[in-house]
Amino acid sequence: MSGLVSPVSGEILGNSVIGWPVGGEGGLDRKLRISHSVKFLSAVYSDCLDQSLVSIDEFWGILSDVGIDPGLVIKELPKNQKDFFALALSVLFSFDCYLIPKTRFLMSKPAKALRELLLKQLEGKMLFTTSANVQFQREFCTDGIVLGPLGQILFAGKLLDVIQWADENLEDFGMPELEDDNFDLNLNLNLNLKNSESVGDGIGGEF
Amino acid sequence: MNEVVNLFKRFVTAMSRQISTILAIAAYENDRRSTTSSVGAWESLISPLQIMLFFIGIRVGFRFLMSGGSNLAGGTTDLYFNIVIFMAAGFTIYFPFRQLAIQALSGLKLRSPLYYRRIEPLDILLALSINNIRALLTLTLGLMGLIWALTWEFRMDSPGLALCIYLLTVFMAIGFGICLVFLGKYNKFITRLIKRIINRILIFTSGLFFATFELPEYTRPFVTWNPVLHAVELFRYSLNNEYPIPDISLSYLTWCSLILMGFSLILYRTNESSLLEAVDD
């Protein structure tokens with residue numbers, strides 16, 4: 001997905017912009033101010049900001065509602081505000097494909113406003129997630145894939161069928177169901193889901 | 001015809017996006033440093049200014065001691081330049097070169113932006129060099145303006161040559177920086193050793209403190225191998241065409257610059273993936 005390894009085979013159907021992991025803050029130095037970070041990403045992903053359904057004023061309004069001032073330095077923010085800012089920043093831009101590895105904060109109560117904005121941004125777009133949070137899956141996803149330990153596809157289909165299949169069969173494979181935050185340690189269960197409007201869209205990487 | 005127009009449009013779009021990305025990383029680096037500094041955004045100017053004034057102080061102080069306390073200025077170079085302009089001309093060429101080499105050897109500390117797929121290691125290197133060049137050019141032009149205002153002697157004989165020399169030096173610095181980025185990935189002890197060696201070699205052979213014509217003829221080959229010396233001396237020559245530049249050649253500088261740049265781009269193209277070590281979230 002990140003483009004580091006070239007695909008072995010297949011066909012590129014379209015050039016899409018893939019966002020950074022939703023809620024991820026790895027690219028921002030902790031010494032930066034909130035305003036610096038927004039300015040930086042707005043310049044790098046200016047085209048995605050232009051297409052965004054969330055205006056920059058709306059974004060600043062949401063941040064100020066939770067007490068995040070543009071002049072604050074990232075490292076000075078308490079953890080919940082840092083999570084909120086990182087998630088808000090991911091939601092601000094309109095990508096063709098969103099990567100959502102973690103959903104714990106996204107599905108929490110303080111992130112309700114951001115969840116609604118993300119749903120708005122996702123209209124006609126695609127998302128990939130490895131989250132095992134059922135509430136998230138039901139709210140955001142339509143399709144799923146169950147992968148085996150070596151990446152083989154064990155089952156693919158509509159979300160409800162996949163969940164049912166996983167409930168019935170995963171124990172036969174000796175695979176315990178994963179907690180949401182364990183996904184990066186063990187990818188035995190890899191649900192790969194996408195928004196219904198995006199069926200048929202090709203994701204061939206960004207060029 | 002439409003295909004050509006589309007290709008051109010895509011090229012312009014990609015280039016403008018690349019430029020805005022590089023400028024954004026340059027601002028990122030300045031912003032990052034400004035929050036930890038007591039002088040804020042001025043940090044990017046104050047830091048090289050301190051080093052520049054320190055070097056000018058060394059040169060003036062050394063000359064003062066050598067002359068037995070009677071002469072503050074720069075000996076025979078005084079015939080052609082005010083000592084501050086002489087040093088500033090050398091510094092403006094030498095410092096971006098040295099900075100980029102050291103930053104590259106440190107393994108591109110500004111690695112975080114690589115987290116974003118649109119940013120590549122070369123963008124970071126170019127952004128760092130833009131910051132260095134901006135700061136140094138601002139300082140040099142400021143100092144030159146100050147000295148010219150105080151002495152009322154404005155002189156720039158060959159501005160075209162000065163621009164060419166500067167651009168060639170920037171190309172050479174970027175080429176050198178790219179080559180060193182790959183060295184920076186290896187053992188820390190070795191990179192620290194190389195950093196120190198390069199730093200000292202650059203200081204003492206780049207003509208920062210001396211003019212080539214001041215050296216005895218038999219000692220010149222020990223320093224004229226260094227293309228930075230050629231750049232420094234030619235830059236001074238472009239300010240004052242009477243300034244003697246024995247054994248200094250524009251073609252040597254041009255060749256070194258283009259070969260280093262070409263080689264480094266090939267090296268980068270073939271090994272780019274080894275530099276992609278983003279900080280994990």
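Just so we're on the same page: letters track the sequence lines, and every chain starts at 1.
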Closest heavy-atom pair and its distance - [X], [Y]:
X	Y	result
A/Ala43	B/Ser20	O-OG, 3.8 Å
A/Gly27	B/Tyr28	O-OH, 2.8 Å
A/Phe40	B/Ala24	CD1-O, 3.6 Å
A/Leu32	B/Arg32	CD2-N, 3.7 Å

Subject >> Gap between atom OH of B/Tyr115 and atom CG of A/Leu28 - 0.5 Å precision >> reply: 8.5 Å
Original post:
What's the spacing between A/Glu76 CD and B/Thr35 OG1 if we round to 0.5 Å?
Top reply: 8.5 Å
Original post:
Within a radius of less than 6.0 Å around CZ of B/Phe171, do more than 12 heavy atoms belonging to other residues, nucleotides or ligands occur?
Top reply: no
Original post:
At a heavy-atom separation under 4.5 Å, does B/Thr13 approach chain A through its side chain, its backbone, both, or neither?
Top reply: neither
**OP:** Report the option among B/Asp31, B/Ile119, B/Leu23 that has the most heavy-atom pairs separated by less than 4.5 Å from atoms of chain A.
**Re:** B/Asp31
Subject >> Pairs flagged by ring pair (Phe, Tyr, Trp, His ring centres under 6.0 Å) wherever residues 49-84 of chain A is involved - sequence neighbours left out >> reply: none
**OP:** State whether the side chain of B/Arg118 and the backbone N or O of A/Val44 hold a donor-acceptor pair below 3.5 Å, judged by distance alone.
**Re:** yes
**OP:** Answer with side chain, backbone, both or neither: which region of A/Val73 has an atom nearer than 4.5 Å to a non-hydrogen atom of chain B?
**Re:** side chain
**OP:** Quick one: which residue pairs count as a side-chain hydrogen bond (donor to acceptor under 3.5 Å, both in side chains) with a foot in residues 121-139 of chain B, not counting sequence neighbours?
**Re:** B/Gln18-B/Asp123, B/Asn30-B/Asn131, B/Gln103-B/Asn132
